[in-house]
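Read the structure below first, then the notes.
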Amino acid sequence: MTDSLVQPADWLLEVNNLSCGYGDGSVVRNVNFALSHGDIGCLLGPSGCGKSTILRALAGFLPINTGEICLQSSSISLPGRTLAPEKRRIGMVFQDYALFPHLTIAENVGFGLRREDREAKHQKVTELLKVVHLQDLADNYPHELSGGQQQRVALARALAPEPTLILLDEPFSNLDADLRRRLSLDVREILKTLGISAILVTHDQQEAFAMCDQVAVLKDGGIQQWDVPYNLYHEPANRFVAGFVGQGGFVPGKALGPDTIESELGVIRGNRAYPWQPGTLVDVLIRPDDIVYDASSELKPKVVEKTFAGTSTLYRFRCSEDTEFEALFRSHLDFHLGEHVPVRVEADHLIAFERT
Ligand code: ADP
Ligand code: MG
């Protein structure tokens, strides 16, 4: 019983001040985030930053050192108290599909349904195979399926016991780029249709953005920013997030006022005010889509690199040794290496950090 009068927030999952690791130390420190019912969250970060470690703690395979994990407002992990994985109603999907090779697809999906009678089990498996578009392969064996199909079987198997939350650890890493993209959208649609919440672990930012509602950017075991993809891209909280998310680089500049910076690319004005004194030295984030071609511009940097990518071409421009930036142009705007091209900055979102 609680005698608090405060209504609990309607979170499905709450992670408060979580630290955990292996042996004595913690590789994950002071992690905080919360996921709403039906949302797909993401842990995004470079290899080794602690994504899988957080997932293991959520699943109940790893005890926690500080903080608390709550699922549907009940505590499932506290220091010294870890609810067993099988009691959490959390499903998992891993990178290697881990299907049982000697069981058919239908048997694989039904594996966790021990309590249901034959008829109920059959019905559920049939339904789930339909959801993942594999109803015609029920009697096949895993080795007869493609990687993408196998991963959908793994998802159906994880969904069968009707978990409250699904954890997906780099589920598409073994698949080629095209299939990855399609499957991540498929999986999003399946989870949304069923109203199942999920946490996806990935190091692939495209995948995170395409599939997830909220994304945590992690570095060295800590969350740098937990936000919607749009804000991570346009309002990065710090230099690491700015560099890790999206393309682009920094050019040096000097603040003229709270929303205005002078640089070799001219005067850049943005939509937010920084608490800078005029004259403060800053680094301005320039994304390839912040640069437009403008025949009348007096700014004419030199092309130093050119990467053709079909419908568009990525150029690297140099104004001086200190100021280089990239620009993405439709590929019919074709410039050669060494050419001076008239461009200007067209950025609504001024992202800059004080130079340290
Ligand atoms: P990610 O999933 O982001 O690539 P992990 O969570 O797997 O990263 O690993 C985070 C850190 O914890 C790494 O430095 C890794 O070497 C360490 N680590 C992972 N698993 C173990 C383990 N079983 N025992 C000891 N250290 C581990
Ligand atoms: Mg991992």
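Start at 1 and go down the list; that is how both ligands and their atoms are numbered. Any value given below was found using the heavy atoms of this structure, including those in side chains, with hydrogens, waters and symmetry copies removed.
If you look at the Mg ion (ligand 2), the protein N, O or S atoms less than 2.8 Å from it are Ser52 OG.
Looking only at heavy atoms of the protein, atom 17 (C) of ligand 1 is closest to Tyr22 CE1, 4.0 Å. Looking only at heavy atoms of the protein, atom 7 (O) of ligand 1 is closest to Ser52 CB, 3.8 Å.
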TODO: Could you check His336 against Val303 for side-chain contact (heavy atoms from CB on, under 4.5 Å), going step by step and ending with a plain yes or no?
DONE: CA-CA 7 Å; His336 53 78; Val303 177; over 6 Å; no
- [ ] Step by step, work out the side chain to side chain donor-acceptor pair (under 3.5 Å) result for Glu68 and Ser75.
- [x] CA-CA 7 Å; Glu68 183 173 24; Ser75 180; 2.8 Å; yes
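If you check the side chains of Arg269 and Thr260, you find a donor sitting under 3.5 Å from an acceptor. Residues Gln95 and Asn174 bring a donor and an acceptor atom of their side chains to less than 3.5 Å of each other.
Tyr22 and Ile54 fall within a single hydrophobic cluster, where Ile, Leu, Val, Met, Phe, Trp and Tyr are joined by side-chain heavy atoms under 4.5 Å apart, directly or via other members. Under a hydrophobic clustering in which Ile, Leu, Val, Met, Phe, Trp and Tyr are joined whenever their side-chain heavy atoms come within less than 4.5 Å, directly or via other members, Leu43 and Val27 fall into the same cluster.
Around atom 6 (O) of ligand 1, the closest heavy atom drawn from Leu62, Thr53, Asp169, Asp220 belongs to Thr53. The residue among Gly21, Gly48, Ala57 with a heavy atom at the shortest distance from atom 1 (P) of ligand 1 is Gly48.
Per-atom contact check: atom 15 (C) of ligand 1 does not touch the protein, criterion being a heavy-atom distance below 4.0 Å. Within the 4.0 angstrom cut-off, atom 4 (O) of ligand 1 has one or more protein heavy-atom neighbours.
The contact set between ligand 1 and Arg56, taken as ligand atoms under 4.0 Å from a residue heavy atom, comprises 20 (N).
A cation-pi arrangement is found for Arg287 relative to Tyr233, the charged atom lying closer than 6.0 Å to the ring centre and inside a 45° cone about the ring normal.
Within the 3.5 Å criterion, the main-chain N or O of Gly41 finds no donor-acceptor partner in the side chain of Gln214. Glu346 contributes no side-chain N or O that, together with a main-chain N or O of Val292, makes up a donor-acceptor pair within less than 3.5 Å. Proximity of a side-chain donor or acceptor of Arg152 to a complementary backbone N or O of Val132 within less than 3.5 Å is detected.
Residue-ligand proximity: Gly50 is placed with a non-hydrogen atom under 4.0 Å from ligand 1. Under the 4.0 angstrom criterion for non-hydrogen atoms, Glu170 is not in contact with ligand 1.
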